[in-house]
Amino acid sequence: TACSSKYVLSQMHPMWQGPLTIPGGERQSPIDIVVRKSIFDSELKPLVTDYDPHTCQQIWNNGYSFLVEYDDTTDKSTLKGGPLQDKFRLCQFHFHWGESNAWGSEHTVDRRLFPAELHLVHWNSDKYSLFEEAVMEDNGLAVIGVFLKVGKRHEGLQKLVDALPAIRHKDSIVEFTRFDPVCLLPSNTDDYWTYHGSLTTPPLTESVTWIIMKQHVEVSHDQLAVFRSLLFTSAEEDVQKSMVNNFRVQQSLCGRTVRSSFT
Ligand SMILES: NCCOCCOCCNC(=O)c1ccc(S(N)(=O)=O)cc1
Ligand SMILES: [Zn+2]
């Protein structure tokens, strides 16, 4: 099964050709969250985010998504609480989305797909001194996942949407400052699912404590359309490819337990 083999069939995504070797492969992400099989854990605490918008530095197109990157050289923008024992530093956030509103998220809830998913990426600064170190360790990373639904316009997102035309092509980057990512979190951050998984893109390392918000946030159709105006390809390439469907398919649970902070 996909849980024991060292190889997985090459992902359908154009960027990955040929078999990928993954470490073990027993705790890969994303997954389908089967709500009735998740286990309520009363020990799970509320999330505590403490983000400083002044640590926001730049926004760039890495050829797979667009990343908003934060200065993670000090403990200025942090995440603790929830399922976490240590303090984690925010290093970047990014999204995954589809070519249509019918799909685009990486995680699913009872097989339900959302048009997009936000990932806020943090690393364990109590135990490690660099992201690159933490990314290789079991308890190295914590990623908050937030589902996006199409509905009313998200005022806080608009500043980010307005910056996207400047980074249409792969490897383009612009300064992006004073953005507080707390505006992208749902009003209720006490209700979440959590499980141990991996990065959803290479190097797919199994170092992530996933924290998936139960409550989604709404963005407008037009805001999501601007995400789809980005390109996978650099300005030099002849054929321009729209940046859409940049999600990984759901992976086997391999006997893992998904815990919930709510009943
Ligand atoms: N390339 C060899 C070692 O690389 C280690 C660092 O990897 C950096 C690139 N990847 C990421 O930072 C990275 C971060 C988050 C997610 S995700 N989609 O799981 O939230 C996926 C990938
Ligand atoms: Zn991601």
Side-chain angles (χ1 to χ4, degrees), residues 8 11-13 15-16 20-25 27-33 47 49 57-73 77 79 82-84 88-98 103-108 113-125 128-148 160 170-171 173 181 184-185 192-213 216-217 224 227 230 232 243-251 256 258:
V8 289
Q11 300 293 334
M12 308 312 285
H13 195 275
M15 77 178 244
W16 299 342
L20 282 168
T21 56
I22 52 173
R27 51 172 281 196
Q28 288 290 293
S29 294
I31 60 167
D32 175 46
I33 295 167
L47 281 188
T49 56
Q57 291 182 320
Q58 65 263 344
I59 185 170
W60 69 291
N61 178 332
N62 71 350
Y64 187 67
S65 181
F66 64 90
L67 309 186
V68 177
E69 292 191 313
Y70 285 74
D71 167 19
D72 63 355
T73 54
S77 287
L79 165 68
L84 306 170
F88 287 69
R89 243 179 235 174
L90 174 69
C91 60
Q92 54 104 330
F93 69 81
H94 62 274
F95 298 81
H96 302 262
W97 60 91
W103 65 82
S105 61
E106 297 210 302
H107 291 86
T108 50
L113 288 154
F114 291 84
E117 185 173 331
L118 159 67
H119 289 159
L120 292 137
V121 183
H122 312 74
W123 55 273
N124 188 330
S125 56
Y128 310 106
S129 48
L130 285 175
F131 170 84
E132 283 70 21
E133 271 174 58
V135 76
M136 309 308 280
E137 304 297 332
D138 274 4
N139 58 359
L141 303 184
V143 182
I144 297 176
V146 182
F147 294 117
L148 271 59
L160 187 155
K170 178 181 179 200
D171 297 331
I173 183 166
L184 298 177
L185 293 176
Y192 57 83
W193 295 281
T194 183
Y195 77 98
H196 295 291
S198 73
L199 298 183
T200 65
T201 63
L204 299 171
T205 34
E206 298 181 335
S207 54
V208 182
T209 297
W210 280 96
I211 301 166
I212 308 290
M213 292 291 119
H216 61 267
V217 296
L224 211 42
F227 283 24
L230 293 172
F232 280 129
M243 184 180 277
V244 292
N245 302 329
N246 55 358
F247 54 84
R248 189 189 194 193
V249 293
Q250 283 85 35
Q251 305 294 305
R256 284 173 285 179
V258 177

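Each ligand, and each atom within it, is numbered from 1 in the order the structure gives. Count residues from 1 along the sequence.
Within the 4.0 Å heavy-atom criterion, both parts of Leu199, backbone and side chain, lie near ligand 1. Residue Thr200 touches ligand 1 through backbone and side chain together, judged by heavy-atom distances below 4.0 Å. Residue Trp210 touches ligand 1 through its side chain alone, judged by heavy-atom distances below 4.0 Å.
Arg248 places a side-chain N or O within 3.5 Å of a backbone atom of Ser29 that can act as its donor or acceptor partner. Using modelled atom types, one side-chain atom of Glu206 and one backbone atom of Gly25 make a donor-acceptor pair closer than 3.5 Å. Side chain of Arg27 to backbone of Val208: a donor-acceptor contact under 3.5 angstrom is found. A donor-acceptor pair under 3.5 Å links the side-chain atoms of Ser207 to the main chain of Val135, judged by distance alone. Of the possible polar contacts, none joining the Glu106 side chain to the Pro30 backbone as a donor-acceptor pair under 3.5 Å is found. The backbone N or O of Ser129 sits nowhere less than 3.5 Å from a side-chain atom of Trp123 that would complete a donor-acceptor pair.
Aromatic pair Trp60/His94: centroids not less than 6.0 angstrom apart.
For Thr201, no nitrogen or oxygen atom sits less than 3.5 Å from a nitrogen or oxygen atom of ligand 1, counting backbone and side chain alike.
Residue Met136 places every heavy atom at 4.0 Å or more from ligand 1. Within the structure, the closest approach of His96 to ligand 1 falls below 4.0 Å when heavy atoms are considered.
When each atom of ligand 1 is checked for a heavy atom of Pro203 under 4.0 Å away, the hits are 4 (O), 5 (C), 7 (O). The atoms of ligand 1 that sit less than 4.0 Å from any heavy atom of Gln92 are 14 (C).
Once rounded to the nearest 0.5 Å, the distance linking CG of Leu230 with CZ of Phe95 reads 11.0 Å. With values rounded to the nearest 0.5 angstrom, Met243 atom CE is found 5.5 Å from Trp97 atom CH2.
Within a 4.0 Å radius of atom 14 (C) of ligand 1, the protein has at least one heavy atom. Of the protein's heavy atoms, none falls inside 4.0 Å of atom 1 (N) of ligand 1.
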Given side-chain contact (heavy atoms from CB on, under 4.5 Å), test Asn139 with Thr209 step by step and report yes or no. CA-CA 7 Å; Asn139 58 359; Thr209 297; 5.6 Å; no
Begin with the C-alpha distance, continue with both residues' side-chain angles, and end with the deciding distance and a verdict on side-chain hydrogen bond (donor to acceptor under 3.5 Å, both in side chains) for Glu69 and Gln58. CA-CA 5 Å; Glu69 292 191 313; Gln58 65 263 344; 2.7 Å; yes
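Of all protein heavy atoms, the one lying nearest to atom 5 (C) of ligand 1 is Val135 CG1, 3.7 Å.
Between His107 and His119, the ring planes lie perpendicular to each other; the angle is over 60°, past the 30° to 60° tilted range.
The set of protein atoms (N, O or S) found at less than 2.8 Å from the Zn ion (ligand 2) reads His94 NE2, His96 NE2, His119 ND1, by chain and number.
Nearest to atom 11 (C) of ligand 1 by heavy-atom distance, out of Phe131, Phe93, Phe247, Trp123, is Phe131.
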